[in-house]
Amino acid sequence: MSTDTAPAHGQDHPSPHRAEVSAAALWFAILAGPLAWSMQLLLNAPIAAHGCYPGDVPLVAPIWNNARVVMAGIEIAAICLCVVAGLTGWRCWRRARREKEGSARRLMEGGDGRTRFMAMVGILTSALFLVGIGFSILNLVAVPSCGG
C-alpha cells in the first residue's frame with residue numbers, strides 16, 4: 001500500500017508533499033513572527049516605562065543613556081526573526097506548491113494541500129507581524145523619551 005493513499009477511502013492523500021517539508025520548518029514559519037513581536041513588546045515596554053518612571057514621580061530624562069539603543073537592538077532582532085520566518089515559509093511553499101492540480105478555489109473547497117496552506121500562512125503571518133514591528137520602530141523613532 002502506498003504512503004500517499006489513505007487506506008480507509010482509497011483516495012490520494014490531501015497533502016502528498018508533506019514529506020518534502022519539515023513540520024518544524026512549517027511551525028517555525030507560522031509561529032516565529034508572532035513570538036518575535038510579542039518578545040519585542042514584552043522587553044521594550046518595561047525598559048521604556050522603568051527608564052522614565054522608576055518611582056512615584058516621572059523623570060524628565062531616562063535613567064539609562066543607552067535605553068533607545070538597547071530597544072533598537074531588540075527591534076532589529078525581532079525584524080531579523082520575522083524575515084527568517086518568512087523566508088522559511090517561502091522555501092516550504094516552493095517545495096509544496098504543486099501538491100495538487102487545479103485552481104486555488106477547487107483546492108480550498110476540498111481541503112487539499114495542507115502543507116502548501118501552512119507554508120502560505122507562515123509567509124503571511126511573518127509579513128503581518130513584520131509590519132507590526134515596523135510600527136513599533138516608528139514609535140521608537142518618533143516619540144521622545146520621557147515626554148521631553
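Since we're looking at a predicted model, the values are computed, not measured.
- Linking Ile, Leu, Val, Met, Phe, Trp and Tyr whenever their side-chain heavy atoms come within less than 4.5 Å leaves F117 and L124 in two separate clusters.
- Nearest heavy atom pair, residue C82 against residue A36, reads SG-CB, 4.2 Å.
- Every residue meeting the side-chain contact (heavy atoms from CB on, under 4.5 Å) condition with I30, not counting sequence neighbours, appears here in chain and number order: W27, M118, V121.
- Between atom CZ of residue R91 and atom OG of residue S22 there is a gap of 8.0 Å, rounded to the nearest 0.5 Å.
- Applying the side chain to side chain donor-acceptor pair (under 3.5 Å) test to every pair with at least one member in residues 122-142, sequence neighbours left out, gives these pairs: Q40-S136.
- L35 and L41 are members of different hydrophobic clusters when ILVMFWY side chains are connected at heavy-atom separations under 4.5 Å.
- Side-chain atoms of V131 and W37, non-hydrogen and from C-beta on, never get closer than 4.5 Å to each other.
- Counting only residues at least two apart or in different chains, side chain to side chain donor-acceptor pair (under 3.5 Å) contacts with residues 67-89 comprise N44-E75, R68-S145.
- Rounding to the nearest 0.5 Å gives a distance of 13.0 Å between CE of M120 and OG1 of T115.
- Looking at every heavy atom in both residues, G89 comes nearest to I123 through C-CG1, 3.5 Å.
- The shortest heavy-atom contact between L26 and A119 is CD2-N, 3.6 Å.
- Atoms CD1 and CG, from I133 and L128 in turn, are 10.0 Å apart once rounded to the nearest 0.5 Å.
- The side-chain contact (heavy atoms from CB on, under 4.5 Å) test with I79 singles out one residue from L130, I74, V84, and that residue is L130.
- Note on L43 and V70: same hydrophobic cluster, where clusters join Ile, Leu, Val, Met, Phe, Trp and Tyr whose side-chain heavy atoms are under 4.5 Å apart, directly or indirectly.
- For the atom pair L31 CG and F129 CZ, the distance stands at 10.0 Å (nearest 0.5 Å).
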